[in-house]
Engineer: 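Before I ask anything, let me first share the structure, which is written out below as structure tokens.
Letters go in sequence order (proteins before strands), and every chain restarts at 1. Side chains are part of it too, since the values below use all heavy atoms of this structure and drop only hydrogens, waters and symmetry mates.
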Amino acid sequence: MTATTEDAANAVPDHDNGPGRDHTDLHTTVVDWFDAHARDLPWRRPEAGAWGVMVSEFMLQQTPVARVLPVYEQWLARWPRPADLAAEPSGEAVRAWGRLGYPRRALRLHGAAAAIAERHGGDVPGEHAQLLALPGVGEYTAAAVASFAYGQRHAVLDTNVRRVFARAVTGRQYPPNATTAAERKLARALVPQEAALAARWAAATMELGALVCTARGPECERCPIAAQCAWQLAGAPEYEGPPRRTQSYAGTDRQVRGRLLAVLRDSAGPVPQAALDRVWHEPVQRARALDGLVSDGLVEPLEGGAYRLPQT
DNA sequence: TATGCGTGGTT
DNA sequence: TAACCAAGCAT
């Protein structure tokens, strides 16, 4: 593969990521900051276990911590082990998901629990490859669970870490739209050698991005590495690059799906077609959205035109 | 690689 | 007040 413009644009100076470079001071500074400032989140407590970590990671995919907290607590109380969730219909997972958004995650978490019960004796696997094979688990989540729950050494590259590295190392206000090979390479180069430290580094860099090095209004005065931050040293230049397009929502199928599913979720039994028809005026889009929910396995059609959450 | 996929708080 | 943003994944 030839070097692309993007690769060149995201190249990191040799003095920052040269192979074998020692980043001990950086690791120490960030991890010490984490020890002093980390939030006390339930999935970080020892009693959460690997299942707690996995549940939290699913819920935190694109959903803020504050909204996850109450649902997480109820979820773990009801389904303390993967097999407990696997024993229930997937519709119960969708219902318990509530308004966290992206309800396909609930379906995938249920599927992951079933796979864990069947293939792994009911225990969340510790191997990255086995985690990655579970529904709803991608590169980030596999690395996060292996790192946080099992103390393994992985590059954990989420949106927070990408932003921290973009600023502190690459000198840009924001990372590229899509994760690049250069970002992955940099993340790997910065992982501490020792596994236990690597796991703390992963959590610490994420926390720094979540609390201090935020997307809007970063609080550089509070940042432990502001003095070494490439973006700060460059004078905090504004982001240059393709517009980071924000997703529209109003009037989309997603909005219609959300309304349809809300009715199903809040209803104990089957919902007649007529009740669903009331959530959206435009019949073609309404039917398309409902079809999509059915084909996604989020909704089950019944004889006679009624619908319900899946019973399987 | 670009797109679809929810929801609600913040600026 | 729209736009932005939030621990991504699957296709």
Engineer: Assign A/Ala144 to base, sugar-phosphate, or nothing according to its heavy-atom contacts below 4.0 angstrom with the strands shown.
Structural biologist: nothing
Engineer: Among the nucleotides C/dA7, C/dC4, B/dT7, which one has an atom lying closest to any side-chain atom of A/Arg67?
Structural biologist: B/dT7
Engineer: Please tell me which of A/Ala142 and A/Thr63 maps to the more 5' nucleotide of DNA chain C, matching each residue to the nucleotide holding its nearest heavy atom.
Structural biologist: A/Thr63
Engineer: Any idea which of C/dA7, B/dG6, C/dA10 is nearest the A/Pro103 side chain?
Structural biologist: B/dG6
Engineer: Is a donor from one side chain sitting under 3.5 angstrom from an acceptor on the other, for A/Trp231 and A/Gln173?
Structural biologist: no
Engineer: On the side chain of A/Gln247, is there an atom forming a donor-acceptor pair with the base of B/dC5 - under 3.5 Å, no angle test?
Structural biologist: yes
Engineer: With P as the reference atom in both, quote the distance from C/dT1 to B/dG6 in angstrom, rounded to an integer.
Structural biologist: 28 Å
Engineer: Return the nearest nucleotide to the side chain of A/Gln61; candidates are C/dC5, C/dA7, C/dC9.
Structural biologist: C/dC9
Engineer: Could you please name the option among C/dA6, B/dG8, C/dA7 that lies closest to any side-chain atom of A/Pro64?
Structural biologist: C/dA6
Engineer: Starting at CG of A/Leu41 and ending at P of C/dA6, how long is that distance when rounded to a whole Å?
Structural biologist: 16 Å
Engineer: Is there a side-chain polar atom (N or O) of A/Gln62 under 4.0 Å from OP1 or OP2 of C/dG8?
Structural biologist: yes
Engineer: Given atom CG of A/Asn177 and atom C1' of C/dG8, what is their separation to the nearest angstrom?
Structural biologist: 14 Å
Engineer: Quote, to the nearest angstrom, the P distance that separates B/dT1 from C/dA6.
Structural biologist: 22 Å
Engineer: C/dC9 C1' sits how many Å from A/Asp296 CG, rounded?
Structural biologist: 13 Å
Engineer: Is it true that the side chains of A/Thr63 and A/Arg105 contain a donor and an acceptor less than 3.5 Å apart?
Structural biologist: yes
Engineer: Quiz question: going by heavy-atom distance under 3.5 Å, is there a donor-acceptor pair between the base of C/dC5 and the side chain of A/Arg216?
Structural biologist: no
Engineer: So, does A/Arg265 get its side chain near the phosphate of B/dT7, meaning an N or O under 4.0 Å from OP1 or OP2?
Structural biologist: yes
Engineer: For A/Leu260 and B/dT7, give me the distance from atom CG to atom C1', rounded to whole Å.
Structural biologist: 15 Å
Engineer: I'd like to know if A/Arg95 pairs up with A/Asp266 as an ion pair, taking the criterion as any Lys NZ or Arg NE/NH1/NH2 lying under 4.0 Å from an Asp or Glu carboxylate oxygen.
Structural biologist: no
Engineer: Would you kindly say whether A/Tyr102 and A/Arg254 are connected by a side-chain donor-acceptor distance under 3.5 Å?
Structural biologist: yes
Engineer: Figure out the CG/C1' separation between A/Leu60 and B/dG8, and round it to whole Å.
Structural biologist: 15 Å
Engineer: Start at the 5' end of DNA chain B and walk down; is the nucleotide closest to A/Arg104 or to A/Arg99 reached first?
Structural biologist: A/Arg104
Engineer: OP1, OP2 of C/dC4 versus side-chain N and O of A/Thr246: anything below 4.0 Å?
Structural biologist: yes
Engineer: Separation of A/Arg162 atom CZ from C/dA6 atom P, in whole Å?
Structural biologist: 11 Å
Engineer: When all nucleic acid strands are considered with a 4.0 Å heavy-atom cut-off, which category describes A/Trp43: base, sugar-phosphate, or nothing?
Structural biologist: base
Engineer: Under 4.0 Å, counting only non-hydrogen atoms across every strand here, what does A/Val156 touch: a base, just sugar-phosphate, or nothing?
Structural biologist: nothing
Engineer: Which listed nucleotide (C/dC5, C/dC4, C/dA7) is nearest to the side chain of A/Ala210?
Structural biologist: C/dA7
Engineer: Report yes or no: is there a donor-acceptor pair, N or O only, under 3.5 Å between the side chain of A/Arg254 and the base of B/dG6?
Structural biologist: yes
Engineer: In terms of side-chain heavy atoms, does A/Tyr150 have a donor or acceptor partner in A/Glu127 at a distance below 3.5 Å?
Structural biologist: no
Engineer: Figure out the CD/C1' separation between A/Gln255 and B/dG4, and round it to whole Å.
Structural biologist: 15 Å
Engineer: Students often get this wrong, so: under 4.0 angstrom with heavy atoms, is A/Leu100 touching a base, only sugar-phosphate, or nothing?
Structural biologist: base
Engineer: Is it the case that A/Gln193 and A/His27 place a side-chain donor and acceptor less than 3.5 Å from each other?
Structural biologist: no
Engineer: Distance check, P atoms only: B/dT10 and C/dA7, in whole angstrom units.
Structural biologist: 15 Å
Engineer: Looking only at side-chain N and O atoms, does A/Thr141 offer a donor or acceptor that is under 3.5 Å from a partner on A/Gln61?
Structural biologist: yes
Engineer: Does A/Thr141 reach a base, just sugar-phosphate, or nothing at all? Heavy atoms under 4.0 Å.
Structural biologist: sugar-phosphate
Engineer: Heavy atoms only, 4.0 Å cut-off, all strands: where does A/Arg163 land among base, sugar-phosphate and nothing?
Structural biologist: sugar-phosphate
Engineer: If you assign A/Thr179 and A/Tyr249 each to the DNA chain B nucleotide with the nearest heavy atom, which residue ends up on the more 5' nucleotide?
Structural biologist: A/Thr179
Engineer: Between A/Asp253 (CG) and B/dT3 (P), how many Å, whole number?
Structural biologist: 16 Å
Engineer: Between the base of C/dG8 and the side chain of A/Thr159, is there any donor-acceptor pair under 3.5 Å?
Structural biologist: no
